[in-house]
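Taking it in order: structure first as structure tokens, then the write-up.
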Amino acid sequence: MLPQWIFKSIAALNANNRPQEVAAAITIGITLGVIPAGNITWFVLLGLTFFLKINFGVLLIAIAIIKPIAYLLDFLFDPVGYWILTMPALEGIFTQWSNTPIVPYTAFNNTAVVGSIIVMFLLFIPLWIGISKLVKLYREKVRDKIMASNLVKQITTLPLISNIINMVTKVNELKKF
């Protein structure tokens with residue numbers, strides 16, 4: 001199952017679909033990767049991705065790549081979250097939220113959660129635009145060189161890899177009907 005996701009993700013990167021869809025999957029994956037998991041906020045954001053036209057495999061790969069290194073950005077997220085959570089103007093709202101039955105499970109009082117949400121909210125559009133341009137650049141300048149390389153040709157001739165590629169190709173052909 002995992003190799004199929006990887007191949008579908010590589011296929012999405014190389015496919016003729018819009019680069020913005022791939023960039024959205026990567027950007028949302030980065031966002032979900034830096035937001036601490038284990039709270040309702042994270043699961044709601046993940047659930048919202050099912051309503052978007054993005055490649056879910058690319059999203060999961062982006063989360064898997066970013067999640068292990070996201071803690072390195074806590075030095076940025078914690079002060080931002082602390083600043084938001086200690087604003088006197090928002091004290092009444094946070095008190096009201098604390099007394100609401102489900103809202104405390106969103107981890108809104110966690111500086112890392114609030115800071116990462118605020119930072120990613122501010123960076124989302126620039127990150128998406130930058131990744132869209134990188135995907136376009138990859139497709140125009142790099143993709144054909146990689147596909148023509150001897151290493152890729154040798155890897156695709158391995159029996160396991162060629163069987164997986166054939167299986168994914170057949171599944172995609174069946175989906176067209």
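- Between I30 and A62 the shortest heavy-atom distance is N-CB, 4.2 Å.
- Taken together through direct or relayed side-chain contacts under 4.5 Å among Ile, Leu, Val, Met, Phe, Trp and Tyr, I63 and F43 form part of one hydrophobic cluster.
- Other residues, nucleotides and ligands contribute only 12 or fewer heavy atoms inside 6.0 Å of the CZ atom of F51.
- Looking at every heavy atom in both residues, L122 comes nearest to P126 through O-CD, 3.8 Å.
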Let me see the working for K136 and Q20 under side-chain contact (heavy atoms from CB on, under 4.5 Å), right down to the final yes or no. CA-CA 9 Å; K136 286 179 190 175; Q20 294 83 4; 3.8 Å; yes

Would L46 and W42 satisfy side-chain contact (heavy atoms from CB on, under 4.5 Å), going step by step from the backbone distance to the final call? CA-CA 6 Å; L46 178 65; W42 193 87; 3.7 Å; yes

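- Residues P79 and D74 approach most closely at CD-O, 4.0 Å, considering heavy atoms.
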Determine, stepwise, if the pair T106 / N39 fulfils side-chain hydrogen bond (donor to acceptor under 3.5 Å, both in side chains). CA-CA 5 Å; T106 63; N39 56 64; over 6 Å; no

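- One hydrophobic cluster, built from ILVMFWY side chains closer than 4.5 Å, cannot hold both Y82 and I84; they sit in different ones.
- Considering all non-hydrogen atoms of both residues, K67 and G33 come closest at CD-O, 3.2 Å.
- Contact check for L52 versus I28: side-chain heavy atoms found under the 4.5 Å cut-off.
- Between W97 and F108, the angle of the ring planes goes over 60°, which puts this pair in the perpendicular group of the 30/60° scheme.
- The CZ atom of F94 lies 8.5 Å from the CE atom of M87; values are rounded to the nearest 0.5 Å.
- At a threshold of 4.5 Å between non-hydrogen side-chain atoms, the residues T111 and F77 do not count as touching.
- The line from CD1 of I26 to CD1 of I54 is 10.5 Å long, rounded to the nearest 0.5 Å.
- Contact detail for A23 and S132: the closest heavy-atom pair is CB-OG, 3.2 Å.
- Contact annotation: the side chain of F124 approaches that of T27 to within less than 4.5 Å [non-hydrogen atoms, C-beta and beyond].
- Criterion: ILVMFWY side-chain heavy atoms under 4.5 Å apart, direct or through other members. Under it, I118 and W83 are part of a common hydrophobic cluster.
- Taking both residues in full, the closest heavy atoms of P101 and P104 are given as O-CD, 3.8 Å, listed atom of the first, atom of the second, then distance.
- Rounded to the nearest 0.5 Å, atoms CH2 (W128) and CG (L123) are 15.0 Å apart.
- For CG of L72, the number of neighbouring non-hydrogen atoms (other residues, nucleotides, ligands) closer than 6.0 Å is greater than 12.
- Looking at L127 and M120, their side chains come closer than 4.5 Å, going by heavy atoms from C-beta outward.
- Taking CD1 of I93 as the start and OG of S98 as the end, the distance is 12.0 Å to the nearest 0.5 Å.
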Pair L59-F56, side-chain contact (heavy atoms from CB on, under 4.5 Å): steps then yes or no: CA-CA 5 Å; L59 173 88; F56 201 67; 3.4 Å; yes

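- Interatomic distance, I131 CD1 to I129 CD1, rounded to the nearest 0.5 Å: 11.0 Å.
- Between the OG1 atom of T86 and the CD atom of E91 there is a distance of 10.0 Å, given to the nearest 0.5 Å.
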